[in-house]
There are 2 protein chains.
Amino acid sequence: MTITMRDVARASGVSLMTVSNVINGRPGAVGTETRLRVLEAVDRLGYEVNLTARRLRNGRTGAIGLIVPRFDHPYFGELEARLARELAKSGRHLSVEQSGASAEGELAALSHARIATYDAVLLSVVGLHYDDVDKLRTSVPIVLLGEQSMPSRFDHVQLDNEGGAHLATAHLIDKGARNVLIVGGEEDGPESMTATRTRGWERAHADAGLTPRRDGVLPLPELEIACAREEVRKRLAETPEIDGIFAITDQVAIGVLAGIHDARLRVPEDVQVVGFDNLALGEHITPGLTTIDPSHDWMVKKAVELIDQRIAGEDVPPQHLVSPGALVVRGSTKA
Amino acid sequence: MTITMRDVARASGVSLMTVSNVINGRPGAVGTETRLRVLEAVDRLGYEVNLTARRLRNGRTGAIGLIVPRFDHPYFGELEARLARELAKSGRHLSVEQSGASAEGELAALSHARIATYDAVLLSVVGLHYDDVDKLRTSVPIVLLGEQSMPSRFDHVQLDNEGGAHLATAHLIDKGARNVLIVGGEEDGPESMTATRTRGWERAHADAGLTPRRDGVLPLPELEIACAREEVRKRLAETPEIDGIFAITDQVAIGVLAGIHDARLRVPEDVQVVGFDNLALGEHITPGLTTIDPSHDWMVKKAVELIDQRIAGEDVPPQHLVSPGALVVRGSTKA
DNA sequence: CTGAAAGCGCTAACAA
DNA sequence: TTGTTAGCGCTTTCAG
């Protein structure tokens with residue numbers, strides 16, 4: 001059967017508490033000789049702590065939870081990797097769960113019960129509804145991560161959607177595009193990521209003294225590659241004068257590039273493209289994808305600082321941090 | 001403070017056990033009227049079970065662990081998504097951790113203590129060493145997932161590396177390629193994924209009555225896009241007669257395509273390319289990536305069957321399942 | 001159908 | 001420096 005502290009205590013002829021003290025390396029709480037004896041027993045028996053019991057007792061594990069809408073978007077994969085790296089610095093580890101995407105029941109990831117499993121939770125709110133998040137009541141610190149507008153009682157690290165979209169669109173205009181589509185955009189929506197970026201696209205036109213095309217917003221039922229590809233192909237067949245596309249995410253941009261190719265047009269000669277997110281992949285597709293870099297590292301660092309602050313019990317008002325975007329120019333726009 | 005069963009019991013004037021019975025929906029263990037009273041209290045107080053306590057007591061959570069070498073490879077993202085979907089069918093959920101990639105300490109993900117946190121663990125063994133895995137001693141069921149050759153005492157679902165590589169290479173030869181590189185290959189290695197696929201590449205040549213190029217194996221320090229791109233570019237400059245490339249993974253294939261483009265050659269006219277994995281992305285890059293599909297869904301289904309079998313305590317000998325690969329033809333090879 | 005007692009493995013607080 | 005006591009919140013006996 002599984003070996004407990006009790007076994008180790010018996011084997012080394014000390015009390016439970018002494019074993020606990022050794023295991024947790026409490027400074028100067030146990031004599032060198034005893035410690036050695038205990039460690040020997042630990043080794044011989046192959047004892048390892050029961051994290052579940054420890055957690056029940058003192059409420060701490062080294063586990064931080066990250067809840068993403070879905071596992072299979074590279075955007076989240078990159079986010080996960082960055083966070084894991086940042087947390088590793090302080091000896092904690094990341095455990096990732098999925099909230100959305102699949103069936104209804106997956107909202108269970110947001111349940112108090114599951115959240116309470118972690119020392120703190122980072123919640124990627126893309127695709128989540130305000131109300132779902134607003135329902136969360138828990139003593140576990142939660143930090144929101146992402147673009148949506150969300151209940152202000154939470155700490156929130158987000159990126160400057162409107163500014164980034166403005167930057168992207170302005171770059172297209174600057175490079176000569178005069179018929180610029182926003183693929184994945186949304187007019188008159190709520191404060192969603194898509195609506196906010198669409199506003200940036202509009203404002204960039206206005207600031208350049210232009211008016212966006214009437215039919216300039218090409219909404220997508222889903223921000224998926226296949227979907228973007230299909231819609232763009234159809235659209236370019238109808239309105240071949242399109243010479244610039246702001247894709248609302250890099251993921252969408254991949255589909256946009258494929259759609260342009262399907263329409264037998266060239267990038268950037270016929271149509272220039274800018275994405276948003278700066279996925280690692282964007283550097284290695286052909287042509288390289290011009291995009292908006294949201295300073296992921298900064299965001300991740302800030303997010304971890306926020307959870308640490310909360311874990312430490314600091315009682316400051318909720319913080320809302322915004323990361324500015326930066327333009328990264330590659331081959332999908334003209335030199 | 002947090003609400004416990006005790007609070008609910010008090011509030012509804014019943015005993016702890018009755019509340020537990022209601023919460024766990026034990027059939028016919030509690031009268032309808034009492035149940036309603038309890039549920040009302042649960043609702044009113046906003047009670048949710050403490051999963052940690054439950055786990056300590058009965059050793060079960062609905063949590064299955066998946067340990068991947070790294071978060072930011074699309075291959076694992078897709079695996080995670082598939083597994084989560086499969087597990088959701090039976091009301092369990094997936095929690096993903098990272099084993100490799102970053103610092104030394106990350107091997108901690110394989111520690112008994114962390115593994116014991118789950119009902120069962122799926123371990124993606126790509127990049128793990130035999131010995132690391134062989135050290136694992138735990139009562140939690142572990143199913144290995146992936147290509148490496150591993151201690152046979154574990155259940156293991158893997159794919160037919162040699163067969164798949166054979167299929168890929170034979171296709172290139174069939175389409176007229178006579179100078180076929182394997183990018184990311186490895187000669188005389190141990191039973192690693194790279195070595196096994198390299199053997200398939202060799203055998204395909206032999207079966208076609210050809211001998212592979214002497215310099216046909218282009219090893220990569222890492223199976224990364226950037227790395228593959230660089231090596232391929234350099235290599236094509238040296239030996240422009242290369243007319244076919246088998247990329248050891250789709251990830252590598254992306255880099256290969258970029259490298260070919262850097263060398264101002266065309267795919268598939270000048271160089272044909274086949275990958276391995278059938279990543280979703282492969283369909284949407286230009287040109288579409290011909291690849292080997294390892295029947296991911298089958299693998300995932302089998303893996304879940306295996307863990308269920310072990311969780312149920314069936315005492316059958318370790319199973320080793322192999323999924324055959326199938327060729328998926330797209331634009332990166334000739335019609 | 002409902003309840004009381006015991007204990008999962010650990011650690012905080014105190015005593016020796 | 002070491003040991004004892006108590007209890008985290010839950011579920012598994014076993015009695016009523």
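Order of the sequence lines fixes the chain letters, A, B, ..., with proteins taken first and strands second; residue numbering starts at 1 for each chain.
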Between [atom2] on [N] and [atom1] on [X], what's the gap in Å once rounded to a whole number?
X: Asp7(B); N: dC8(D); atom1: CG; atom2: P; result: 11 Å
X: Met17(A); N: dA6(D); atom1: CE; atom2: C1'; result: 13 Å
X: Leu16(B); N: dT12(D); atom1: CG; atom2: C1'; result: 13 Å
X: Asn58(A); N: dC8(D); atom1: CG; atom2: C1'; result: 10 Å
X: Asn50(B); N: dG9(D); atom1: CG; atom2: C1'; result: 6 Å
X: His112(A); N: dG9(D); atom1: NE2; atom2: P; result: 11 Å
X: Arg60(B); N: dT12(D); atom1: CZ; atom2: C1'; result: 14 Å
X: Arg55(A); N: dG9(D); atom1: CZ; atom2: P; result: 14 Å

Which part of the nucleic acid does Asn21(A) contact within heavy-atom distance under 4.0 Å: base, sugar-phosphate only, or nothing?
nothing

Kindly check if the number of other-residue, nucleotide or ligand heavy atoms within 6.0 Å of [atom1] ([X]) is above 12?
X: Arg6(B); atom1: CZ; result: no
X: Arg60(B); atom1: CZ; result: no
X: Glu222(B); atom1: CD; result: no

Less than 4.0 Å between a side-chain N and a carboxylate O, is that true for [Y] and [X]?
X: Arg82(A); Y: Asp72(B); result: no
X: Glu224(A); Y: Arg70(A); result: yes
X: Arg92(B); Y: Asp308(B); result: yes
X: Glu305(A); Y: Lys302(A); result: yes

Phosphate-side-chain proximity, Thr34(A) and dT2(D), N/O vs OP1/OP2 below 4.0 Å
yes

Please tell me if Ser20(B) has a side-chain N or O lying less than 4.0 Å from either OP1 or OP2 of dT11(D).
yes

Outermost DNA chain C nucleotides near chain A [under 4.0 Å, heavy atoms]
dG9(C) to dA13(C)

Ignoring hydrogens and angles, does a donor from either the side chain of Arg57(B) or the base of dG9(D) sit under 3.5 Å from an acceptor on the other?
no

